[in-house]
**Q** 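Shown below is the structure under consideration.
Naming: A, B, ... by sequence-line order, numbering from 1 per chain.
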Amino acid sequence: MADYNPQAIEKKWQKRWEENRVFESEAEVEEAAEKSKSAPLASKGAAPSQTQGPLGETQDPHAKSASGAPLENPRAQARVPVPRKPKYYVLEMLPYPSGTLHMGHMRNYTIGDVVARVKRMRGFNVLHPMGWDSFGLPAENAAIKNHTHPRVWTNKNIAELFQGMKRFGFSYDWRREISTCEPEYYRWNQWFFLKMLERGIAYKKKSRVNWCPKCCTVLANEQVVNGGYCWRHEDTLVEARDIEQWFLKTTAYSEQLLDDLKTLTGGWPERVIAMQENWIGKSVGAKVWFEIEEVEGAKSKVESEEKKTQDPPFAEGAKDGALEEKPKSRQDAGATRNGTPGKIEIFTTRIDTIYGASALILAPTHPLLEQLLSGTANQAASEAKLAQMRQTSVKTEDVATAEKDGFFTGRYAVNPFNGEKIPIWVGNFVLLEYGTGAIMAVPAHDERDYEFAVKFGLPIPVVVEKAGHSFQSTVDSKEKKNQENPRAQSRVTVPPEVYTEYGVSVNSGVYSGLKSADAIEKMASDAEARGFGKKETVFRLRDWGISRQRYWGTPIPVIYCAKDGMVPVPEKDLPVVLPTNPKLTGEGESPLATDPEFVNVKCPKCGGPARRETDTMDTFVDSSWYFYRYCDAKNSEAPFDSAKVGYWFPIDQYIGGITHAILHLLYSRFWTKVMRDLGLIENSEPAARLFTQGMVLKGGAAMSKSKGNIVGAIDMAEKYGADTGRLYTLFAAPPEKDLEWSEESIEGAWRFLNRVFRLVDRNSVESSKFKVESNGKNQGQEASKPAPLETKGAAPRENLGAQSLQNSGQARVAVPLTEKEKGLLRKAHQTLRRVTADFETRWHFNSAIAQIMELVNAIYAAEPLENGVRPEVRKEVLELVTLMLAPMTPHLAEELWEMLGHSEGLWTVSWPAFSEELAKEDEVEIPVQINGKVRGRLKVAAGASQDEVLKLAQADGAIAGHLAGKKLIKVIYVRDKLLNLVVG
RNA sequence: GCGGCUGUGGCGAAAUUGGCAUACGCGGUGGGCUUAAAAUCCACUGGGGUUUUCCCCGUUGUCGGUUCGAGUCCGACCAGCCGCACCA
């Protein structure tokens, strides 16, 4: 008898796996892809990856072929050689190497590893890679602190994470490892950047941007969280700065990014889809131009302002309508899109309410304001007020709850629909960055406008009524309300409340009587026809600002020449490598700017003196396409071979934290679409399925360095072993839920594995004692190693376990089975059925483990030997237990498999086949309900008919007692489930 | 305000389709083994009972509905968590 020694076992099997290259995806498949490189990729979509369950229930390669041979890949049928197995790409988000492996990582990778291992056992060619998101600020900050190079810190952390992953036995194909800070990788960032530059997707402009004073760099919109804080420093308010920087035109893909979310429903969590929809923020409406009432001199000034702020400096593609320039942040927007000179452009989704507009309201930062205010009666007072509003708007944290504020400019505009003269106001609630930075205020039909109108005494004319209301009756009620409300001095009425829904237009000239939807359509068309408006869709999404004034990132590959202007670095000169000895201070301009050797270059065009761009790229660029690189990680000619990507993509299952629901997942979706439009790939979305696992908490809070509540994964592995750790994280909570760390619970997992180990250990000892009594089969075998049953010939990587277990229409043991043995085998196959379903169609690892625990309890209960289950039979059951545990506790499973007498590694064995025959119950106990309450139980033969069961029920004493003197009204019988008698 | 999610024992949680609620684990109590402890194995662990291999009652955040039957479906609410937020 031996003890379970996880440290020794885990070391032993990790070595074996490595020697046998168990986790490498099949080379022959890639060769096939190689050979078909020139062929079109069109048939790819037929690959068996479009499925329902998280693991793809329809993907079982055994399901459609009685021989057990995996389904052929339809794409490969057209050519030779034929990939033997269908592909499966499972991926966990690559980590930022900031320290050692923690529980959050470990949980993420354990889930992915279970999936990868299950899929391998199910006969798939599995791609399961890992890499390092190794550019980024923490490395640079650590380098400044320790006076070293960021690479030192980064590589130390990578080495530690790598060791940690090895320690847990995660089944990665390490041939494909990537590290984004290596020139072999980031040169392709630069290459993609040049492609985008050619197409006008990358452009540069000066704009007001988000600046984090702690990061000392610019942030993208997506990196500003909680209404104005840095995503990395959640206590640090983001400042506004005017900086010239590079953008990627994510807005050119707004519509697609939104529409394609529909293709992800079912595969992606509803929550993530909703968050992205929300972020992209589509509004369909119309722009309308309001003429400004003539005031001497104003018009020409406005016109000249227009000219000044047209095209941004290098936006070559910006002339294209689809790629139209979208100003990014507060103060500069609007300048290029305030419409025709002398007019104010507003955006509205409710053009049908335009007859109810009682003012135009501009954002305090609207570029037309200076012209508008000049020459007005109280210009000085207005400008003072404006300055004050601009001041406060920068610092406002809780914009949504701030009180409405504003003032009248002294100017008027003309409503193009009815010629009415309405005042132009400034309001603090109007945002320059959304729509056109100006709105028409329709107080009767908009909450905010109403609040504003009430505060400043603007009229509140009603122009929409609830459908079905007669005009007359509502007028009466409004008049009553009028008398009660002293503020309602002017024009028509004060509505009883703000009515923001659709209804029927009233008081709207020729449009009165139209339903809101019809009115919107007709009025927008009319505005367009009459030249004072345009149907328009606006998005909340902004272009992605990628310039960072830091060292540890990808250099942006452009050169500035006094003569030729901005010149892209020629492709042949890539990569632009980071200087090796940077001066890192964390302050001021980009560290690259301080290195003359880096900065001063010859112009690629004229050969004259020129300067390099000194900003680096946002590190989210690195992670936007890394999963494509895994398909062809060592390619030095291209980012990847399109044929290989065509074979593996889309990712069948992507797994990561919800924190990336917007940032990474939006950027990488964008990148995929750009790559598709460059003709490099065929897929429009990177991942068919996304799984967001819950966080690991301690004391109710997410583990973090700053809170000091991190539990190191390696410590846990040292104490209990990797398998116990893996089992614990899978068992303690369903994978999508947050998991509260508990030392007591991990003891439970440890106890269970010990229980299993002792069982197998004892069984191999006992079976050697027992072998003569069972059947002649094992005679002459070594006592410690019973012969594996029915291993027909050597079949490496083939269905060994499945072959022996699959044909078990009856048990393999030749002698007749006792009732107890039948019972145990039945329980085993019932467990197998449920565990298989838990792995395949839903990710209920916790209940799968619970099932296996029950089975193990049943084996214990089937003791003692003398009156029941013989070692031969028990061995068969233990083999099933071992195979079911294999994806979750792979090291222990290998060891148990060997202890059970198998010399071939468990990695060569397929998932066991379930036997309906063995799982079938002979007898079932069904509850008998009287009027829905359980009043008794009956043991009946499985599949018994209603009549039989009813007769038995009526014969049963206790049940008959409840039936006595009552009339049987109805009988509901669900076969093998329940009998319900309705009596009265 | 908008969108999404979650509410089940002392705790983590189960419950494929509407069909015996609380499986499995933790914790707790009692017992076997042991000089003792640890480990381990067994039993009990919603409430109640003078029929204890038996019986009764209650119960899945709240209120209502559909149904022979609801943790599950429908409607309204309450509480908590997450994301976005004066988005025109």
Side-chain angles (χ1 to χ4, degrees), chain A residues 3 225-227 269-279 281-283 285 346-351 353 361 363 396 398-404 427-431 433-442 445-449 451-452 500 538-540 658-659 661-662 728 731-734 736-749 751-752 754-755 758 833-834 837-838 841-842 844 846-857 860-861 863 925-937 958 969-974 976-983:
Chain A
D3 282 332
V225 298
N226 301 331
E270 219 30 64
R271 186 162 55 137
V272 174
I273 291 177
M275 279 164 77
Q276 293 217 355
E277 273 170 359
N278 213 322
W279 188 263
K282 180 179 180 174
S283 301
I346 62 106
F347 175 76
T348 177
T349 55
R350 291 297 302 272
I351 194 172
T353 63
I361 308 180
T396 312
D398 230 353
V399 194
T401 52
E403 213 195 318
K404 298 273 177 296
N428 63 343
F429 70 99
V430 179
L431 307 170
E433 62 266 29
Y434 190 77
T436 61
I439 62 160
M440 62 175 190
V442 185
H445 305 295
D446 182 284
E447 304 268 1
R448 295 151 301 175
D449 298 349
E451 204 185 314
F452 194 82
T500 57
V538 305
F539 292 90
R540 209 188 77 104
I658 186 73
T659 40
I662 291 173
Y728 162 71
F731 180 61
E736 71 277 6
K737 269 192 146 181
D738 286 351
L739 164 62
E740 176 69 35
W741 171 259
S742 146
E743 190 77 20
E744 286 85 38
S745 296
I746 195 165
E747 291 278 356
R751 279 202 282 264
F752 169 68
N754 273 283
R755 233 165 114 80
R758 278 195 298 273
R833 171 168 50 197
R834 293 204 46 178
D838 281 345
T841 61
R842 20 180 238 173
H844 289 201
N846 55 337
S847 63
I849 294 165
Q851 294 294 315
I852 299 169
M853 283 172 166
E854 270 190 65
L855 177 58
V856 168
N857 289 345
Y860 269 90
E863 297 190 49
E925 191 186 68
I926 64 167
V928 180
Q929 299 182 338
I930 313 287
N931 290 342
K933 283 196 180 212
V934 181
R935 295 297 183 185
R937 288 164 217 288
I969 298 169
K970 197 171 174 184
V971 179
I972 291 110
Y973 176 63
V974 183
D976 296 345
K977 277 276 167 69
L978 130 159
L979 178 70
N980 187 11
L981 305 175
V982 186
V983 298

**Q** Any side-chain heavy atom of A:L739 sitting closer than 4.5 Å to one from A:Y728?
**A**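 They are in contact (side-chain heavy atoms under 4.5 Å apart), so the answer is yes.
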**Q** So A:N857 and A:R755, do their side chains get closer than 4.5 Å, heavy atoms only?
**A** yes
**Q** Rounded to whole Å, how long is the line connecting atom OH of A:Y434 with atom P of B:C87?
**A** 9 Å
**Q** Syn if the chi torsion is within 90° of 0, anti otherwise; quick check, which is B:G4?
**A**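 Base orientation: anti.
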**Q** In whole Å, what is the span from the NZ atom of A:K737 to the C1' atom of B:U6?
**A**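 Result: 7 Å.
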**Q** Can you tell me the base-pairing partner of B:C81? Count Watson-Crick or G-U wobble geometry only, both distances below 3.5 Å, and say none if there is no partner.
**A**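 When the pairing criteria are applied, B:G4 turns out to be the nucleotide that pairs with B:C81.
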**Q** If you check the A:T349 side chain, which of B:A13, B:A88, B:C41 turns out closest?
**A** B:A88
**Q** Taking A:N754's backbone N and O only, do any of them form a donor-acceptor pair with A:D3's side chain (distance below 3.5 Å, no angle check)?
**A**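 No.
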**Q** Roughly how many Å apart are B:C11 and B:G28, using the P atom of each and rounding to a whole number?
**A**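 The same atom, P, in both gives a distance of 15 Å.
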**Q** Taking atom C1' in both B:G58 and B:G65, what distance in whole Å separates the two?
**A**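 Approximately 23 Å lies between the C1' atom of B:G58 and that of B:G65.
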**Q** Which one is paired to B:U52, where only Watson-Crick or G-U wobble pairs with both distances under 3.5 angstrom count?
**A**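 B:U52 is unpaired by these criteria.
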**Q** Can you work out whether A:R833 or A:I439 has the more 5'-proximal nearest nucleotide on RNA chain B?
**A** A:R833
**Q** Can you check whether A:R540 has a side-chain N or O nearer than 4.0 Å to OP1 or OP2 of B:A85?
**A** yes
**Q** Is the shortest heavy-atom distance from the side chain of A:V442 to the side chain of A:R350 under 4.5 Å?
**A** no
**Q** Please state how far atom CG in A:L979 lies from atom C1' in B:C68, giving the value in whole angstrom units.
**A** 11 Å
**Q** Under a 4.5 Å cut-off applied to non-hydrogen side-chain atoms, are A:D449 and A:I439 in contact?
**A** yes
**Q** Measure CG/A:L431 against P/B:C87 and give the value in whole Å, please.
**A** 8 Å
**Q** Output a table of nitrogen or oxygen pairs between the protein and nucleotides 20-26 of chain B separated by less than 3.5 Å.
**A**
residue	atom	partner	partner atom	Å
B:C20	O2	A:R937	NH1	2.1
B:A23	O2'	A:E854	OE2	2.7
B:G25	OP1	A:N857	ND2	3.4
B:C26	OP1	A:R751	NE	3.0
B:C26	OP1	A:R751	NH2	2.8

**Q** Let me spell it out: for each of A:V982 and A:R834, pick the nucleotide of RNA chain B with the closest heavy atom. Which residue's pick is nearer the 5' end?
**A** A:R834
**Q** Between atom OH in A:Y973 and atom C1' in B:G19, what is the gap in whole Å?
**A** 13 Å
**Q** Apply side chain to side chain donor-acceptor pair (under 3.5 Å) to the pair A:R540 and A:N278, showing each step before the final yes or no.
**A** CA-CA 9 Å; A:R540 209 188 77 104; A:N278 213 322; 5.5 Å; no
**Q** Nearest whole angstrom, please: distance from the P of B:C87 to the CD1 of A:I361.
**A**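 In whole Å, B:C87 P and A:I361 CD1 are 13 Å from each other.
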**Q** Rounded to the nearest angstrom, tell me the gap between atom CZ in A:F752 and atom C1' in B:U40.
**A**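 Whole-Å distance recorded here is 16 Å.
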**Q** OP1, OP2 of B:A15 versus side-chain N and O of A:H844: anything below 4.0 Å?
**A**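 Checking B:A15 against A:H844, a side-chain N or O does come within under 4.0 Å of OP1 or OP2.
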**Q** Answer yes or no: is there a side-chain heavy-atom contact under 4.5 Å between A:I926 and A:L978?
**A**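 SC-SC contact between A:I926 and A:L978 ruled out.
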**Q** May I ask you to say what A:A837 touches in the nucleic acid, namely base, sugar-phosphate or nothing, with a heavy-atom cut-off under 4.0 Å?
**A** nothing
**Q** Any side-chain N or O of A:R758 less than 4.0 Å from the OP1 or OP2 oxygen of B:A39?
**A** no
**Q** Name the nucleic acid region contacted by A:P269, choosing base, sugar-phosphate or nothing; use a 4.0 angstrom heavy-atom cut-off, strictly under.
**A**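 Nothing, no nucleic acid heavy atom in range.
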**Q** Salt bridge (charged side-chain N to carboxylate O under 4.0 Å, His left out) with A:E451: which residues, sequence neighbours excluded?
**A**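 For A:E451, the residues satisfying salt bridge (charged side-chain N to carboxylate O under 4.0 Å, His left out) (neighbours in sequence not counted) are A:K404.
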**Q** When the P atoms of B:C74 and B:U67 are compared, how many Å lie between them, rounded to an integer?
**A**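 Looking at atom P only, B:U67 and B:C74 are 16 Å apart.
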**Q** Paired with B:G30 by Watson-Crick or G-U wobble geometry, both distances under 3.5 Å: which nucleotide is it?
**A**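 B:G30 is paired, partner B:C42.
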**Q** In whole angstrom, what separates A:L981's CG from B:G69's P?
**A** 14 Å
**Q** Distance check, P atoms only: B:G18 and B:G71, in whole angstrom units.
**A**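 Going atom to atom, P in each nucleotide, I get 13 Å.
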**Q** For a side chain to side chain contact (heavy atoms under 4.5 Å, CB included) check, start with the C-alpha distance between A:Q929 and A:I972, then their side-chain angles and the critical distance, and finish with the verdict.
**A** CA-CA 9 Å; A:Q929 299 182 338; A:I972 291 110; over 6 Å; no
**Q** Does B:U52 fall in syn (glycosidic angle within 90° of 0) or anti?
**A**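 Syn conformation for B:U52.
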**Q** Please list each protein N or O that sits under 3.5 Å from an N or O in nucleotides 80-83 of chain B, with the distance.
**A**
residue	atom	partner	partner atom	Å
B:G83	N2	A:N278	ND2	3.1

**Q** Please name the nucleotide paired to B:C20 by Watson-Crick or G-U wobble geometry with both distances under 3.5 Å, or report none.
**A**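 None - no nucleotide pairs with B:C20, as no candidate has both distances under 3.5 Å.
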**Q** So for atom CZ, which belongs to A:R833, do other residues, nucleotides or ligands contribute more than 12 heavy atoms lying within a distance under 6.0 Å?
**A** yes
**Q** Tell me the partner of B:U35, counting only Watson-Crick (N1-N3 plus N6-O4 or O6-N4) or G-U wobble (N1-O2 and O6-N3) with both under 3.5 Å; none if nothing fits.
**A**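 The answer is none; no pair meets the criterion.
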**Q** Determine the Euclidean distance between corresponding P atoms of B:G9 and B:C5; express it in Å to zero decimal places.
**A** 22 Å
**Q** With both distances kept under 3.5 Å, what pairs with B:U72, Watson-Crick or G-U wobble?
**A**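 When the pairing criteria are applied, nothing turns out to pair with B:U72, so the answer is none.
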**Q** What is the base-pairing partner of B:C87, counting Watson-Crick and G-U wobble geometry with both distances under 3.5 Å?
**A** none
**Q** With a non-hydrogen cut-off below 4.0 angstrom, is A:V430 in contact with a base, only sugar-phosphate, or nothing?
**A**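 Since a base atom lies under 4.0 Å of A:V430, the category is base.
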